[in-house]
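Down below is the structure, laid out as structure tokens.
Quick note: numbers below take in every heavy atom, side chains included, and nothing from hydrogens, waters or symmetry partners. Just so it is clear: chains get the letters A, B, ... in the order the sequence lines come, proteins before strands, and each one is counted from 1.
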2 protein chains.
Amino acid sequence: MARYPGLMLRVLASDHPAIGPGKAQLVALIDSTGSISAAAREMGMSYRRAWQLVEALNASFIEPVVMTAVGGKRGGGAVVTEFGRTLVAQFRAMEDKASAAIAADLEHLQRQMRKPPRSTRRK
Amino acid sequence: MARYPGLMLRVLASDHPAIGPGKAQLVALIDSTGSISAAAREMGMSYRRAWQLVEALNASFIEPVVMTAVGGKRGGGAVVTEFGRTLVAQFRAMEDKASAAIAADLEHLQRQMRKPPRSTRRK
DNA sequence: ACTCGTTATGTTCAATGGAATATAACGAAG
DNA sequence: CTTCGTTATATTCCATTGAACATAACGAGT
């Protein structure tokens, strides 16, 4: 799910996650599809879950991120606000900057990680 | 739990978290207390949970992070390896760098988040 | 020997989270 | 007016996770 290999970044409001890789992708898909349910389908996520994430997003910020309207067949749907669009862009920019800032350390760390189990008993 | 206000960073191995704020703090506490159980107590975490995290840490890296020895009353205990110490230091450094790199954006974003619910129904 | 505090596990239970399912209300299109 | 695809929500079920509890083995000190 993380866009950057080996790195996961989340922005917190007080203590709960306000936006992270998942919500960012969801908003982007809502923007491109025009509906929560279509975005949910593309992410292999239940509609309910996606809707809850949208609700959480809207509750976390002072401006709406996604505006919704009931009714189908091009009557209803979901629209990502301009605020929401810049929100995702800002988050992506933060991912970029963070990734660039720690790229060297990350590589170094990744060279030191692997799979096989090992005994760590002393003596 | 996050050391940096509004920011949470995790380093992933393939897809599972190799190290994050929680494991980093745990290792630091094991280092200062000399035991997994004492560290767990200080974090308000069950011993079993802490032990599992240590196991996961040791399994994730090519070098041991924590070495253990059974037996109490200064017979047994846990020792953070030099690798483990530098691992935590590196992670903290990555948090520092990431935090510094996105500090401005983070502040800007945080100025746009708040608590009160709001209606987002269109039309 | 005994005790104490530790690592190391197993087991059981509760809480959490997500999936699945079911409706309801709705709005545009036909 | 019917149909279709959507938002919105309740309910039920299941899997995962962590907490709690229990127990064993152990090693150093007393």
In chain order, what residues pass the salt bridge (Lys or Arg N to Asp or Glu O under 4.0 Å) check against A:Arg85, with sequence neighbours excluded?
A:Asp31, A:Glu82
Just by modelled atom types, is the B:Pro64 backbone N or O under 3.5 Å from a matching donor or acceptor in the B:Thr81 side chain?
yes
Pull out every protein N or O sitting under 3.5 Å from an N or O of nucleotides 20-27 of chain D, one pair per line with the distance.
unit_1 : atom_1 : unit_2  : atom_2 : d
D:dC26 : O2     : B:Gly71 : N      : 3.2
D:dG27 : N2     : B:Gly72 : N      : 3.4
D:dG27 : N2     : B:Gly72 : O      : 3.0

With ring-ring contact (aromatic ring centres under 6.0 Å, His included) as the rule and sequence neighbours excluded, what pairs involving residues 14-43 of chain A come up?
none
Write out all pairs satisfying salt bridge (charged side-chain N to carboxylate O under 4.0 Å, His left out) with one or both partners inside residues 44-62 of chain B, taking only residues at least two apart or from two chains.
none
Of all heavy-atom pairs between B:Met43 and B:Gly22, which one has the smallest distance, and what is that distance?
CE-O, 4.0 Å
Any side-chain N or O of B:Ser37 less than 4.0 Å from the OP1 or OP2 oxygen of C:dT7?
yes
side-chain contact (heavy atoms from CB on, under 4.5 Å) partner of B:Val11, the single match among A:Leu7, A:Asp105, A:Leu109, A:Ile102
A:Leu109
Let's test your reading of the pairing rules: Watson-Crick or G-U wobble, both distances under 3.5 Å, then write DNA chain C as a dot-bracket string with ( ), [ ], | and dots.
||||||||||||||||||||||||||||||
Taking only residues two or more places apart in sequence or in another chain, which ones pass side-chain hydrogen bond (donor to acceptor under 3.5 Å, both in side chains) with B:Ser35?
B:Ser37
Quick one: B:Ile36 CD1 to C:dT9 C1', roughly how many Å, whole number?
13 Å
Below 4.0 angstrom from OP1 or OP2 of C:dT7, is there any side-chain N or O of B:Trp51?
no
From OH of B:Tyr47 across to P of C:dG10 the rounded distance in Å is 13 Å
Euclidean distance, atom CD of residue B:Gln52 to atom C1' of C:dT11 [Å, nearest integer]
13 Å
Excluding sequence neighbours, so at least two apart, what forms side-chain contact (heavy atoms from CB on, under 4.5 Å) with B:Ala40?
B:Ala50
Residue whose nearest DNA chain C nucleotide is more 5′ - B:Glu55 or B:Ala38
B:Ala38
Rounding to an integer number of Å, can you tell me how far A:Ile30 CD1 sits from D:dA8 P?
11 Å
With sequence neighbours left out, the residues meeting side-chain contact (heavy atoms from CB on, under 4.5 Å) with B:Glu107 are B:Arg111
Under 4.0 Å from OP1 or OP2 of D:dA8: is there any side-chain N or O of A:Thr68 that close?
yes
Separation of D:dT9 atom P from A:Leu53 atom CG, nearest Å, is 15 Å
